Amino acid sequence: MADSDTGTDLGTDLGTDLGTDLGTDLGTGRDEVQLRFRDDEAPDGAQVTVDAFLEQADASAVRVEPGDDARDLLPHLPRIRLIEVNFPVYGDGRGYSAARLLRENGYTGELRAVGDVLVDQIAYMRRCGFDAFAPDQPLDEGDVANALARWPHVYQPAADEAVPIWKLRHG
């Protein structure tokens, strides 16, 4: 898909820059990852809740549901390969807080948003630390590319590595 202003193929260029090919249909559904912004091997889906995870010494993946306290996972971050954060409805923003808390406390594994994930949320979810997406309904990958390219600068620090525009201007 070409950007009408620049003629740039956003799907190809953006996908290459972010470590995924946005032009490839990677599947959709709750546990099928459509978008992934990582280079390592994708772990299987998380099949245990936070409560069940805390009772198992060998679990390496967990699903955080609304109402779960992500802080319970902090002592276990080194052994977790995948944390899925469920968004049962688009208006439930608790998952954003869970993601940022996990990233700010050093979690480096895959952080996957699952459920009612909308294209309008992708850029904000990326800023909070999500690096994989398994939406209930497939997202148009051209729209995703446009959403990620829409705001080239940010105004505040977040869990990602983007430098706020005021720091770029004033050092």
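No hydrogens, no waters, no symmetry mates; every other heavy atom, side chains included, goes into these values. Throughout, numbering of the chain's residues begins at 1 and tracks the sequence. All figures in this text were calculated on a predicted structure; none of them were measured in a lab.
Linking Ile, Leu, Val, Met, Phe, Trp and Tyr residues whenever their side-chain heavy atoms come within less than 4.5 Å leaves Leu101 and Ile80 in two separate clusters. No path of Ile, Leu, Val, Met, Phe, Trp and Tyr side chains, each step under 4.5 Å between heavy atoms, connects Tyr90 with Val114, placing them in separate hydrophobic clusters. Leu82 and Leu111 end up in different hydrophobic clusters when Ile, Leu, Val, Met, Phe, Trp and Tyr side chains are linked at under 4.5 Å.
Separation of atoms CD1 (Ile122) and CG (Leu35) is listed at 6.0 Å; rounding is to 0.5 Å. To the nearest 0.5 Å, atoms CD (Glu32) and CG (Asp136) are separated by 11.0 Å. Taking CD of Gln137 as the start and CG of Leu118 as the end, the distance is 10.0 Å to the nearest 0.5 Å. One distance of note links CD of Gln121 with CG of Leu139; it measures 9.5 Å at 0.5 Å rounding. Distance CD1/Ile165 to CD/Gln156: 13.0 Å, rounded to 0.5 Å. Annotation: the span from Phe130 atom CZ to Glu84 atom CD amounts to 10.5 Å, rounded to 0.5 Å.
Between Pro88 and Pro66, the closest side-chain pair of non-hydrogen atoms falls below 4.5 Å. Contact of the Ser60 side chain with the Arg79 side chain is not registered, since no non-hydrogen atoms from C-beta on lie closer than 4.5 Å. Residues Tyr96 and Cys128 have side chains in contact (heavy-atom distance under 4.5 Å, counting atoms from C-beta outward).
Not counting sequence neighbours, the partners of Leu74 by the side chain to side chain contact (heavy atoms under 4.5 Å, CB included) test are Arg71, Leu77, Leu102, Asn105.
Nearest approach of Asp160 to Arg126, heavy atoms of both residues: CB-O, 4.1 Å. Nearest heavy-atom pair across Val154 and Ala162 is CG2-CB, 3.8 Å. The shortest non-hydrogen separation linking Arg127 to Ala158 is NH2-CB, 3.2 Å.
Under a cut-off of 6.0 angstrom, the local environment of CG in Asp40 is crowded, with over 12 non-hydrogen atoms contributed by other residues, nucleotides or ligands.
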Output a table of donor-acceptor pairs, distance under 3.5 Å, between side-chain atoms of residues 48-56 and any protein atom two or more places apart or on a different chain; print 'none' if there are none.
from: Thr49; atom 1: OG1; to: Ala52; atom 2: N; distance (Å): 3.2

**OP:** Determine, stepwise, if the pair Asp131 / Arg36 fulfils side-chain contact (heavy atoms from CB on, under 4.5 Å).
**Re:** CA-CA 6 Å; Asp131 53 19; Arg36 188 165 191 267; over 6 Å; no

Original post:
Are Ile83 and Glu110 close enough, and set up right, to give a side-chain contact (heavy atoms from CB on, under 4.5 Å), and what steps lead you there?
Top reply: CA-CA 6 Å; Ile83 298 175; Glu110 183 169 317; over 6 Å; no

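A distance-only check finds no donor-acceptor pair linking the side chain of Asp116 to the backbone of Phe87 [under 3.5 Å]. Judged by distance alone, with hydrogens and angles left aside, the side-chain atoms of Arg103 form a donor-acceptor pair with the main-chain N or O of Tyr107 at under 3.5 Å. Using modelled atom types, no side-chain atom of Asp68 and backbone atom of Ala70 make a donor-acceptor pair closer than 3.5 Å.
Other residues sharing the hydrophobic cluster of Trp166, ordered by chain and number and joined by side-chain separations under 4.5 Å: none, the residue standing alone.
A cation-pi arrangement is absent between Arg112 and Phe133 under the rule of less than 6.0 angstrom and at most 45 degrees off the ring axis.
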